[in-house]
Amino acid sequence: MNDNPRRPWLWTTVFTVIALAYLYPIVLVVINSFKNKVYIASEPFAFPTAESFVGWENYVRGIELTDFIASFMWSLVITVGAAALILAGTSMTAWWIVRADNRYAKTLYTTFLFNLVVPFQMVMFTLSWLADYLGLSNPFGLWIIYLGFGAGLAVFIFTGFVKGIPYEIEEAATIDGCGPVRTFFLVVLPIMKPAVITVAILEVMWLWNDYLLPYLTLDLKDFKTIPIAVQYLKGGYGSVDMGAMMGVLVLAMVPVIAFYLVSQKHIIKGVVAGAVKG
């Protein structure tokens with residue numbers, strides 16, 4: 001008889017409960033998005049009934065009140081552009097840091113790690129002034145700002161992954177006539193696919209949901225992201241159209257959840273590789 005029996009069912013139950021606890025707020029938002037705003041306030045945990053169900057009314061009103069289409073497009077432009085810039089710039093930087101392996105590379109790597117521990121609140125007011133001074137108060141200028149804030153984590157993950165790539169593969173590419181650029185894009189980058197997808201998921205989820213940085217830097221008369229547009233559902237004296245807000249929140253969650261579900265099989269592999277190699 002085994003004196004130390006394993007209980008996989010116990011851990012399965014624990015993790016299931018934790019997962020449901022995380023999913024419950026999302027489910028609650030979806031449920032309330034189909035209810036009249038009066039019932040959202042009075043019966044927030046109840047399912048829609050024949051009396052409280054309003055169909056797609058909250059979604060339509062939310063789209064109209066927030067100019068959702070324009071906000072969605074600006075969020076998409078900022079997220080895709082900034083994520084692409086972060087992935088391209090940091091992956092090449094991490095590769096150079098690992099392969100150069102000199103004091104300059106180590107100093108640069110330490111600088112990126114230091115970026116991870118500096119609280120955003122320490123620099124946000126200076127950043128707001130600097131962005132305005134340099135003409136970065138637009139979605140395309142925000143790409144550069146996000147590159148600075150997102151580079152630390154990305155370089156950390158990419159560096160750990162590159163350390164596990166055999167250098168002999170790159171030497172073989174060099175013998176075949178590949179220069180550094182072709183070696184990186186044709187040989188190294190395809191091998192880094194799990195790490196690239198991992199960083200992409202983490203960065204996209206951050207960029208899409210970020211409220212504070214766009215609010216501080218963008219010219220809000222011309223550009224609004226979805227998180228900022230949602231705030232415009234607040235009326236005078238703190239009143240909020242909860243029905244429209246719930247509808248807009250569901251619409252805002254759909255793209256990033258879909259992206260995560262499509263790519264999530266790579267995230268654990270990439271995070272583990274970036275964390276333990278080297």
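Computed from heavy atoms alone, side chains included, the values below leave out hydrogens, waters and symmetry copies.
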Problem - Minimum side-chain heavy-atom gap Lys106-Asp101 below 4.5 Å - result: yes
Problem - Distance-minimising heavy-atom pair for Ile97 and Ala105 - result: O-CB, 3.7 Å
Handout entry: Rounded distance [0.5 Å steps], CD1 in Ile226 versus CD in Gln231
Key = 13.0 Å
Practice task
Report the residue from Ile18, Val14, Thr12, Thr13 that forms a side chain to side chain contact (heavy atoms under 4.5 Å, CB included) with Thr16.
Solution key: Thr12
Practice task
Test side chain to side chain contact (heavy atoms under 4.5 Å, CB included) on Leu136 and Ile145 and set out the steps.
Solution key: CA-CA 8 Å; Leu136 301 177; Ile145 298 174; 4.2 Å; yes
Problem - Single-linkage hydrophobic cluster, 4.5 Å side-chain cutoff, Trp74 and Leu142 together - result: yes
Fill in the blank from the handout: Sorted by chain and residue number, the salt bridge (charged side-chain N to carboxylate O under 4.0 Å, His left out) partners of Asp219 (sequence neighbours excluded) come out as Lys221
Handout entry: Trp208 (side chain) donor-acceptor with Ala252 (main chain) under 3.5 angstrom
Key = yes
Handout entry: Heavy atoms of other groups near Phe120 CZ, more than 12 under 6.0 Å
Key = yes
Practice task
First locate atom CG of Leu212, then atom CG of Leu127, and finally report the distance between them rounded to the nearest 0.5 Å.
Solution key: 9.5 Å
Completion exercise
Here the gap from Trp206 atom CH2 to Leu213 atom CG, rounded to the nearest 0.5 Å, amounts to 7.0 Å
Exercise for the section: Mind checking the CD1-CD spacing from Ile69 to Glu64? Nearest 0.5 Å is all I need. Expected result: 11.0 Å
Completion exercise
So CE of Met245 and CG of Asn58: to nearest 0.5 Å the spacing works out to 12.0 Å
Problem - Leu85 with Phe223, same ILVMFWY side-chain cluster at under 4.5 Å - result: yes
Handout entry: Proximity of Phe125 and Trp129 rings by center, below 6.0 Å
Key = no
Fill in the blank from the handout: CD of Glu168 to CD1 of Ile175, rounded to nearest 0.5 Å, is 10.5 Å
Handout entry: Derivation and outcome, salt bridge (Lys or Arg N to Asp or Glu O under 4.0 Å), residues Lys35 and Glu43
Key = CA-CA 10 Å; Lys35 292 161 57 177; Glu43 302 174 4; 5.7 Å; no
Completion exercise
In short, Ala200 meets Phe259 closest at the heavy-atom pair O-CE2, 3.9 Å
Handout entry: Side-chain heavy atoms of Thr198 within contact of Phe161, under 4.5 Å
Key = no
Handout entry: Thr93 and Phe112, any side-chain heavy atoms less than 4.5 Å apart
Key = yes
Fill in the blank from the handout: Correct closest heavy-atom pair for Asn32 and Pro44 would be ND2-O, 3.0 Å
Exercise for the section: Ignoring hydrogens and angles, state whether a donor on the side chain of Tyr109 or Thr159 is under 3.5 Å from an acceptor on the partner side chain. Expected result: no
Problem - Ile63 vs Val248 side-chain heavy atoms within contact, under 4.5 Å - result: no
Handout entry: Hydrophobic cluster of Ile31, others only, ordered by chain and residue number, side-chain cut-off 4.5 Å
Key = Val27, Phe47
Handout entry: Under the ring pair (Phe, Tyr, Trp, His ring centres under 6.0 Å) test, residues paired with Phe184 that sit two or more places apart
Key = Trp95
Exercise for the section: For residues Asn115 and Gly148, report the shortest heavy-atom separation together with the two atoms involved. Expected result: ND2-O, 2.8 Å
Problem - Shared hydrophobic cluster for Met246 and Phe45 (ILVMFWY, side-chain gaps under 4.5 Å) - result: no
Handout entry: Gly243 versus Ile40, closest heavy-atom pair with distance
Key = CA-CD1, 3.6 Å
Problem - Test log, rule side chain to side chain contact (heavy atoms under 4.5 Å, CB included), inputs Tyr146 and Glu203 - result: CA-CA 10 Å; Tyr146 271 127; Glu203 300 291 354; over 6 Å; no
Handout entry: Within-4.5 Å side-chain heavy-atom neighbours: Thr225 and Ser71
Key = no
Handout entry: Residue pair Tyr167 / Val98, side-chain heavy-atom distance below 4.5 Å
Key = no
Exercise for the section: For salt bridge (Lys or Arg N to Asp or Glu O under 4.0 Å), just list the numbers for Asp67 and Lys224, CA-CA rounded to whole Å, side-chain angles, deciding distance to a tenth of an Å, and then say yes or no. Expected result: CA-CA 9 Å; Asp67 193 13; Lys224 294 184 184 70; over 6 Å; no
Practice task
May I ask whether Ile26 and Val256 are part of the same hydrophobic cluster, defined by side-chain heavy atoms of I, L, V, M, F, W, Y residues being less than 4.5 angstrom apart, directly or through others?
Solution key: yes
Problem - Phe34 vs Trp56, side chain to side chain contact (heavy atoms under 4.5 Å, CB included): CA-CA, chis, key distance, verdict - result: CA-CA 7 Å; Phe34 293 101; Trp56 300 101; 4.0 Å; yes
Exercise for the section: Could you go through the side chain to side chain donor-acceptor pair (under 3.5 Å) check for Thr49 and Ser52 one step at a time? Expected result: CA-CA 5 Å; Thr49 62; Ser52 63; 3.2 Å; yes
Exercise for the section: Find out whether Phe72 and Pro255 are in side-chain contact, i.e. whether some heavy atom of one side chain is under 4.5 Å from a heavy atom of the other. Expected result: yes
Practice task
Decide side chain to side chain contact (heavy atoms under 4.5 Å, CB included) for Ser137 and Leu218; before the verdict, give the C-alpha distance in whole Å, the side-chain angles of both, and the deciding distance to 0.1 Å.
Solution key: CA-CA 5 Å; Ser137 301; Leu218 289 179; 6.0 Å; no
Problem - Shortest non-hydrogen separation from Met192 to Phe158 and the atoms involved - result: CE-CD2, 3.3 Å
Practice task
State, yes or no, whether a side-chain contact exists between Leu202 and Ile157 at a heavy-atom distance under 4.5 Å.
Solution key: yes
Problem - Cluster overlap Val230 with Leu28, hydrophobic side-chain contacts below 4.5 Å - result: no
